[in-house]
There are 2 protein chains.
Amino acid sequence: MTLADATTPSPAVRPVRALLDEGAGPAHERVYKALRRRILHGEMAPGEHVTLRGVAGELGVSMTPAREAVRRLAAEGALAISASGRVSAPILSPARVEELASIRALLEPELAARALPRAHFSLIERLKRMDAEIDQHLKSGDAAAYVRGNLEFHRTLYLRAHAPAMLALAETVWLQTGPSMRALYARIGMGRVADYHRKAIAALAAGDEAGLRLAIRADVRQGLTMLSNEGLDQA
Amino acid sequence: MTLADATTPSPAVRPVRALLDEGAGPAHERVYKALRRRILHGEMAPGEHVTLRGVAGELGVSMTPAREAVRRLAAEGALAISASGRVSAPILSPARVEELASIRALLEPELAARALPRAHFSLIERLKRMDAEIDQHLKSGDAAAYVRGNLEFHRTLYLRAHAPAMLALAETVWLQTGPSMRALYARIGMGRVADYHRKAIAALAAGDEAGLRLAIRADVRQGLTMLSNEGLDQA
DNA sequence: ATGGGCTAATTGTGATCACAAATGGGCGGC
DNA sequence: GCCGCCCATTTGTGATCACAATTAGCCCAT
């Protein structure tokens, strides 16, 4: 079975779910969040096609909210739409990967620097714990969990910057690299990844803005450089 | 009359417009482009409400494509949606203005620097002509034309960078500042604006990357600093 | 005259349907 | 044996309708 059907064939649905419901919100946003998470965590292969009726049926909604969610993700670059309207996860060219890496290298050090003066002890401790978890996933070879943890680490740090527009832009870039990243780690096996997170945390604790910027920049560059090389290899 | 009605009340419309039609493309994209242009050029006041049925009727389409376009613009930050779903042009807080200015100051010098090695003579000449036009609009006091020309100038330069993702991000920021910018120039009367465009063009012709980055950064900061001060004044 | 509550109109949400284009598979011809 | 064409199916697009919630206007009471 898929999920959420049972007795919802008629136009008279029951949106009784008011507050504090987990999968709350309008249907189009539920679909958006579900697809976004799927893309961000690399659960979708580059070039993979999705159909409106497919996602609609899968999430138990009609085509209308499914279309809105897909369009929204396409506007963010997370999905590509062909001339005929077919929707698929984008396949990044090496040039595009370089561009996205440059954007991350511009935005994320700035976000980290803005978070620096606001980083209290508890935040640093939390980041240390997250980094330890990431190392676990790395050792156990769980690529999906590694990618997820990595994004969570960066996001947790950048949230302290109190720069929502800048963070939104960074997340847009993550969204675009999502499918390719998973494919990368699945192929490479993520053998050697330097621990720039640790350097970033140390700089954060020391109040060293320049060091923090460098660590974040290196961390960002590392992942996407690997992706770029891979792209050239298979081409 | 509005436009485009005549004989289109039935579900059997005639999309005969194939290629090389000006207002081509799907209906939802026509609506998107129309609204986007309106926002970008400051033809919409901050806080102004728009309704789905309103834009649908205005552009001669049904609610479905109107909703997609509005949602897409909301996702880009060009429109704000309240908790109840009402759509309006966003009102920027001073902190948000500062943040958007910082993003522009990060992205646009990079775009200019990437365009620099590709900037041939013809492009520089074109930019000179555009800057002259901008000066005209400035003298004649045409705020809308000034804003439009300014964006066109930057966009023409950045197109040479061959960095579509970065340009898209920059345009997203322009979109967010659109409504507030027009309101600003309408109030201020745009008296003193330094000619950083000329400095940028000179640096471009001389191949001086550092100078170009500085000129663009100054040009970007100038406009949004004024907006920020104004926001504080009226608050 | 003003504030509160009630009603009617407005508005977003989502489902369904009809249509056209594109896609993919299968058949026949070279 | 392989390529091209034709048809059935899939798929995106857009219009329409029903519903619920919010909004705004109005009347009445104080």
Side-chain angles (χ1 to χ4, degrees), chain A residues 4-19 21 23-35 47-75 79-89, chain B residues 4-19 21 23-35 47-75 79-89:
Chain A
D5 40 286
T7 52
T8 52
S10 79
V13 285
R14 209 133 341 196
V16 182
R17 61 168 73 80
L19 309 96
D21 188 315
H28 62 84
E29 191 151 341
R30 278 207 323 273
V31 178
Y32 171 77
K33 285 181 177 170
L35 286 181
E48 181 181 341
H49 282 282
V50 295
T51 66
L52 296 183
R53 288 174 177 83
V55 305
E58 201 171 337
L59 299 184
V61 297
S62 81
M63 289 181 58
T64 313
R67 247 191 352 176
E68 286 182 53
V70 166
R71 269 267 145 52
R72 189 170 159 193
L73 287 164
L79 291 175
I81 45 178
S82 76
S84 67
R86 301 291 292 277
V87 185
S88 59
Chain B
D5 40 286
T7 52
T8 51
S10 77
V13 286
R14 209 132 339 190
V16 183
R17 61 168 75 79
L19 309 98
D21 188 314
H28 63 84
E29 191 151 341
R30 279 208 322 272
V31 177
Y32 171 77
K33 285 181 177 171
L35 285 181
E48 181 180 339
H49 282 282
V50 296
T51 66
L52 296 184
R53 288 174 177 82
V55 304
E58 202 172 335
L59 299 184
V61 298
S62 81
M63 289 179 59
T64 313
R67 253 204 333 189
E68 287 183 52
V70 165
R71 267 270 144 51
R72 188 171 160 192
L73 287 165
L79 291 175
I81 46 179
S82 75
S84 67
R86 301 289 292 277
V87 184
S88 59

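Computation of the quantities below employed the complete heavy-atom set of this structure, encompassing side-chain atoms and omitting hydrogens, waters and symmetry-equivalent molecules. Being a predicted model, the structure only gives us computed values, none of them experimental.
- Toward the 5' end of DNA chain C, the nearer of the two residues A:Ser82 and A:Ser62, judged by each one's closest nucleotide, is A:Ser62.
- Every residue meeting the side chain to side chain donor-acceptor pair (under 3.5 Å) condition with A:Arg71, not counting sequence neighbours, appears here in chain and number order: B:His28, B:Glu68.
- Separating the CD atom of A:Glu68 from the P atom of C:dT13 is a distance of 7 Å, rounded to the nearest angstrom.
- Across A:Val31 and A:Ala69, no two heavy atoms sit closer than the pair CG1-CB, 3.5 Å.
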Might you list the N or O atoms of the protein lying below 3.5 Å from N or O atoms in nucleotides 5-12 of chain D, with each pair's distance?
unit_1 : atom_1 : unit_2  : atom_2 : d
D:dG12 : OP1    : A:Leu52 : N      : 3.4
D:dG12 : OP2    : A:Leu52 : N      : 3.0
D:dG12 : N7     : A:Arg53 : NH1    : 2.9
D:dG12 : O6     : A:Arg53 : NH2    : 3.2

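- Applying the salt bridge (charged side-chain N to carboxylate O under 4.0 Å, His left out) rule to pairs touching residues 80-89 of chain B yields nothing, sequence neighbours excluded.
- Listed here is the closest heavy atom pair of A:Ile81 and A:Ala74: CG2-CB, 4.2 Å.
- Rounded to an integer number of Å, the gap from CG of A:Leu59 to P of C:dA15 is 11 Å.
- In this structure, the side-chain contact (heavy atoms from CB on, under 4.5 Å) partners of A:Ala27, at least two apart in sequence or on a different chain, are A:Arg30, A:Val61, A:Pro65.
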